[in-house]
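Here's the structure we're looking at; comments come further down.
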Amino acid sequence: MKKKKTSNTSKSSSNNSGSAISSLAGKIKSGNVKIAVYGLGHVGSPIASVWLRFGAHVIGVDKSPSVLESARKGKTHVPEPGVNEAFAKGLKQKRFFVYDDPVKASQDSQVKMICVPVLTVGQSLSADLGAVKQVASSVGKGLKKGDLVVLNPSVPPGTSEDVVIPILEKENSGGLKAERDFFMVYSPERIYEGRAIEDIEERYPAIVSGAGPKSVEAGSKLFSLVFKRGVITMTNMRTAEAEKLLEGVYRDVNIALANEMARFCEKVGVDFWEAREGANSQPFCHIHKPGVGVGGACIPVYPQFILHTADIAKAECNITRLGRNVNDSMPAYCVSQALGLLDGIAPAQCKVAVLGLAFRGGVSDTRLSPTYRVIDELKNASVAEIRVHDPMVKSDPALAADIKLTQDLRAALKGADLVLLATDHKEYQKLSKRDTGDAAVYDGRGMLDGTKFAGRFASIGRKKEVAS
Ligand SMILES: NC(=O)C1=CN([C@@H]2O[C@H](COP(=O)(O)OP(=O)(O)OC[C@H]3O[C@@H](n4cnc5c(N)ncnc54)[C@H](O)[C@@H]3O)[C@@H](O)[C@H]2O)C=CC1
Ligand SMILES: CC(=O)N[C@@H]1[C@@H](OP(=O)(O)OP(=O)(O)OC[C@H]2O[C@@H](n3ccc(=O)[nH]c3=O)[C@H](O)[C@@H]2O)O[C@H](C(=O)O)[C@@H](O)[C@@H]1O
């Protein structure tokens with residue numbers, strides 16, 4: 001790994017690379033080098049915005065008509081700060097173009113960023129590369145000598161070299177080869193929804209790898225223009241693909257450790273949160289937070305890519321597998337703990353208010369949210385009624401018809417016998433008995449103060465409290 005500060009301000013860059021970077025900046029701002037972004041979602045929209053904010057001419061591509069329609073109005077469906085402003089300004093200055101033809105987008109651009117999703121195939125551990133392959137084929141059909149292709153999603157090691165490059169080389173009409181005729185870069189996106197533009201521009205160095213040294217150089221020059229924290233180059237694309245998965249599996253197994261220790265502390269009558277705060281006062285200790293589960297399109301997914309690849313390579317990844325199992329057990333555990341608070345009310349008579357549908361606080365993203373598993377477990381217990389509240393999710397076609405979703409907290413809580421907090425939205429911080437009355441309260445994210453409630457109260461990682 002080589003950490004290069006290759007931004008214009010770096011002292012170490014040689015004159016010629018400095019002038020090369022400034023001439024690249026000039027070509028991008030003049031529109032001679034256009035950037036196509038494939039997939040205007042939680043990752044693609046901020047990436048398109050960062051380049052629009054830089055002054056680039058950006059072509060946004062998506063397969064969804066509604067996403068394209070919003071983009072044409074300078075709007076995004078993902079509530080990411082700064083994106084609407086960037087889109088609107090780009091449209092006004094005639095630097096933002098929205099295409100529904102992915103091949104034409106490749107023909108009309110010199111840089112192509114592939115930001116489409118890679119999840120798992122159904123219940124299997126294998127990666128669903130369908131969208132990546134589809135876009136790579138379109139990009140290949142419009143590929144020109146000197147173009148730069150960037151793959152952004154998190155993928156199993158080997159995807160760039162063994163899947164994407166062969167498609168690009170097969171689909172282009174000029175016999176173009178990676179590294180020789182066009183540049184191929186793998187650069188994993190590392191944004192955190194809700195602060196994505198800031199993450200790219202201010203917070204994280206870019207990880208850049210390529211099909212060869214020329215591709216790495218081209219990618220480094222490009223990314224150094226917008227990543228103020230500079231560029232970390234990797235030996236090859238497989239290493240960079242693994243780097244991204246390591247970030248994710250580190251998080252998943254550490255969340256699993258927190259979950260296991262929280263359940264241990266409950267059993268031995270210790271306040272996990274107090275012990276955690278003490279432990280984390282030591283610089284080498286970063287105990288994560290326990291909770292009702294691990295959701296999102298990322299953290300529950302990346303370890304699966306590792307496990308699938310490990311199974312093929314006959315590598316043992318027991319901690320990775322166990323971490324997934326522990327985290328997957330949390331929704332059922334928390335529902336069982338919550339139902340255990342019902343004093344004299346049979347589940348079949350119990351009205352439950354579940355707080356939070358998004359996979360984590362501060363986002364509207366419900367992909368793989370643990371709340372879906374919480375709902376399943378409550379249904380398995382045959383509770384009388386389930387209402388779900390979320391301040392950021394207005395509707396959800398994935399919810400069964402008998403589940404009421406509301407953004408009215410008072411309505412969700414009215415007449416509830418049990419309140420189960422599943423998502424750590426900031427809004428729930430101020431909950432008290434004024435809101436929940438005599439209902440039992442189970443805090444699945446350890447964010448509430450039990451003394452504020454009148455009914456029976458329990459929280460992940462804390463021993464049960466019975467109302468005084
Ligand atoms: N969401 C996150 O926080 C992060 C995600 N990632 C990676 O980025 C990948 C993409 O994630 P998101 O942007 O969250 O997904 P998303 O679902 O929010 O956005 C994907 C967009 O691509 C479009 N799309 C899908 N297939 C397409 C195709 N064949 N052609 C053109 N457009 C197509 C969809 O219509 C959608 O607008 C993830 O799979 C993950 O690997 C990486 C870091 C953070
Ligand atoms: C290593 C890492 O921190 N990756 C980040 C992560 O962001 P993501 O949006 O998935 O959120 P997250 O905070 O990891 O939460 C994922 C899930 O895990 C849960 N969670 C999170 C942290 C914790 O201590 N305990 C816990 O239970 C959350 O409630 C949520 O359900 O995954 C992103 C990604 O790769 O998509 C990545 O860009 C982000 O930097």
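Counting convention: from 1, in listed order, for ligands and their atoms alike. Computed from a predicted structure; not experimentally measured.
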In the protein, which heavy atom is nearest to [atom], and how far is it?
| atom | result |
| --- | --- |
| atom 44 (C) of ligand 1 | Ile191 O, 3.5 Å |
| atom 39 (O) of ligand 1 | Val118 N, 2.9 Å |
| atom 19 (O) of ligand 1 | Gly41 CA, 3.2 Å |
| atom 20 (C) of ligand 1 | Pro117 CD, 3.5 Å |
| atom 8 (O) of ligand 1 | Val43 CG2, 3.5 Å |
| atom 31 (C) of ligand 1 | Lys63 N, 3.4 Å |
| atom 35 (O) of ligand 1 | Asp62 OD1, 2.6 Å |
| atom 18 (O) of ligand 1 | His42 ND1, 2.7 Å |

Notebook entry, point to check: So, do Glu80 and Ser45 sit near enough that their side-chain heavy atoms are less than 4.5 Å apart?
Noted result: no
Margin query: With a 4.5 Å cut-off on side-chain heavy atoms, are Leu409 and Tyr428 touching?
Written below: yes
Next item on the list: On the 0 to 90° scale, with breaks at 30° and 60°, tag the His77-His42 ring pair as parallel, tilted or perpendicular.
Entry: perpendicular
Margin query: Ring-plane angle category for Phe453 and Phe457, please: parallel below 30°, perpendicular beyond 60°, tilted otherwise.
Written below: parallel
Next item on the list: Indicate the atoms forming the closest heavy-atom contact of Met330 with Arg263, along with that distance.
Entry: SD-NH1, 3.5 Å
Next item on the list: Please report the shortest heavy-atom distance between Cys115 and Gly44, naming the atom on each side.
Entry: CB-CA, 3.8 Å
Strictly below 4.0 Å, N to O, side chains only: are [X] and [Y] in salt-bridge contact?
| X | Y | answer |
| --- | --- | --- |
| Lys112 | Asp147 | yes |
| Asp435 | Lys452 | no |
| Glu243 | Arg190 | yes |
| Glu85 | Lys89 | no |
| Arg238 | Asp162 | yes |

Notebook entry, point to check: Taking heavy atoms and a distance under 4.0 Å, where does Cys298 meet ligand 1: side chain, backbone, both or neither?
Noted result: side chain
Next item on the list: Could you tell me whether Tyr302 approaches ligand 1 through its side chain, its backbone, both or neither, with non-hydrogen atoms closer than 4.0 Å?
Entry: side chain
Checklist line | Lys144 side chain to Ser106 backbone, donor-acceptor under 3.5 Å | finding: yes
Check: Quick one: does Arg95's side chain have a donor or acceptor within less than 3.5 Å of a partner on Ala56's backbone?
Finding: yes
Atoms of ligand 1, numbered as shown, that sit under 4.0 Å from any heavy atom of [X]:
| X | answer |
| --- | --- |
| Val135 | 28 (C), 29 (N), 30 (N) |
| Gln134 | 28 (C), 29 (N) |
| Ser154 | 41 (O) |
| Ser64 | 35 (O) |

Next item on the list: Say whether Val116, considering both its backbone and side-chain N or O atoms, lies within less than 3.5 Å of an N or O atom on ligand 1.
Entry: no
Next item on the list: Could you name the option among Glu189, Arg367, Arg190, Glu193 that has the heavy atom nearest to atom 42 (C) of ligand 1?
Entry: Glu189
Check: Applying a heavy-atom distance cut-off of 4.0 Å, which protein residues contact ligand 2?
Finding: Arg190, Ile191, Tyr192, Lys244, Glu247, Arg251, Ile255, His288, Lys289, Gly293, Val294, Gly295, Cys298, Ile299, Tyr302, Phe359, Arg360, Arg445
Item checked: Residues Lys133 and Ser137: side-chain donor-acceptor under 3.5 angstrom -> no
